Amino acid sequence: MADAQANPGIPGSTRTTRLAPSPTGDLHLGNVRSLLLAWAIGRRAGWRVLLRHEDLDASRASGDACDAIEDSLRWLGIDWDEDATRQSEHLDPYHDAMRRLESRRLVFSSSLSRRAVREAAGAPHGGGEVRFPAELRPDDERAWRFDGSDTNFRAITRPGPEIVEDELLGTHRFDPSSEVGDQIVWTKAGRPAYQLAVVVDDHRQGVTDVIRGADLLPSAARQQRLHADLRFETRPRWWHLPIVHDESGRRLAKRDGDTGVEALRAAGVRPDRIIGLMGRWSGMSGTPRSITAAAFADLLDEDALRRMVSREATEPLRFTKEDRRWLLEP
Ligand code: GLU
């Protein structure tokens, strides 16, 4: 990483990262941590930092939630370059990508339900994921044409390993064909699925460095496949960050409503407390102390980041009652 830079969005900067929240409600402390780390890594190095709302799931995402996330980020001291984008506002590039895959005969429509796939495929794969096997690919030629219709489309996943080289977590080997099989790239809502949308956007926005929670590490392998299928010449570097758990060891999630930024803000918590807690979690101090996001970025050198990652590999981080008490202390 380069030294800290004061100017955001340095002209001529060759690297770009992005903050990509899903606007489905209040950001929880796990989301904040990943976003803050991505922002701090990008800002220290003088990269372009973009904000992209991943709002394609119309049943869960909303424009108000996008506004609320921007407000929470600003309040925390996290900024971004250029106007924030919303995936739902630019659907053409996803159609183009589907046509590209169609021209290589790599996508087909399938209206088989999850249940039908599960039954046909035998026991579900570990993690509850349902694998779509090659035998269920349709024979009907018409199914291999993409018409943008409201049907699930899947991309062929060829067998064999896919190696993910991660800047923080090292080398990981996946086998998407035995994990997920032919993955969904277009949904029956008539919109791209997460994996396709991310790949298309990271490419068209010139994202060189994807920094996000480690729960998405297996997705990196699937996204690499799509990068290759779309014949994109470059693909981003990956940086997967350890994630935060609750006291019982479960991943912090939106169901833990009282760890939401806006809920904490409404309870009178100051932003520099929240960032201070993130600082302690990142090993910047033994006991938490209030700091600004800018100070956090200054303190996060590469050694601190790597120490944090190796510590959490053996001792996963938990948001404890003491953490909460400290946030709420007057
Ligand atoms: N929108 C995803 C989330 O909030 C992140 C996707 C990504 O970083 O690739 O979990």
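All values below were derived from every heavy atom in this structure, side-chain atoms included, with hydrogens, water molecules and symmetry-related copies excluded. Everything quoted here is computed from the prediction, not taken from an experiment. Each ligand, and each atom within it, is numbered from 1 in the order the structure gives.
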Under 3.5 Å: N/O of Ala20 near N/O of ligand 1 = yes
For atom 3 (C) of ligand 1, find the nearest protein heavy atom and state the residue, atom name and distance (0.1 Å precision).
-> Ser22 OG, 3.5 Å
Indicate the ring-plane relationship of Phe232 and His227, choosing parallel, tilted or perpendicular according to the 30° and 60° boundaries.
-> perpendicular
Under 3.5 Å side-chain donor-acceptor pair for Gln223 and Tyr194 | yes
Winner among Gln223, Gln195, Arg18, His240 once heavy atoms are compared against atom 7 (C) of ligand 1 | Arg18
Option set Arg52, His53, Glu54, Arg212, criterion heavy-atom distance to atom 6 (C) of ligand 1, minimum | Glu54
Measure the shortest side-chain to side-chain distance between Arg44 and Glu302 over non-hydrogen atoms and say whether it is less than 4.5 angstrom.
-> no
Pick from Arg74, Arg48, Arg43: which one makes a salt bridge (Lys or Arg N to Asp or Glu O under 4.0 Å) with Asp79?
-> Arg43
Atom indices of ligand 1 within 4.0 angstrom of Tyr194 heavy atoms, with elements = 6 (C), 7 (C), 9 (O)
Are any of the side-chain heavy atoms of Asp182 and Thr157 separated by less than 4.5 Å?
-> yes
Which atoms of ligand 1 sit under 4.0 Å from any heavy atom of Leu216?
-> 5 (C), 6 (C), 7 (C)
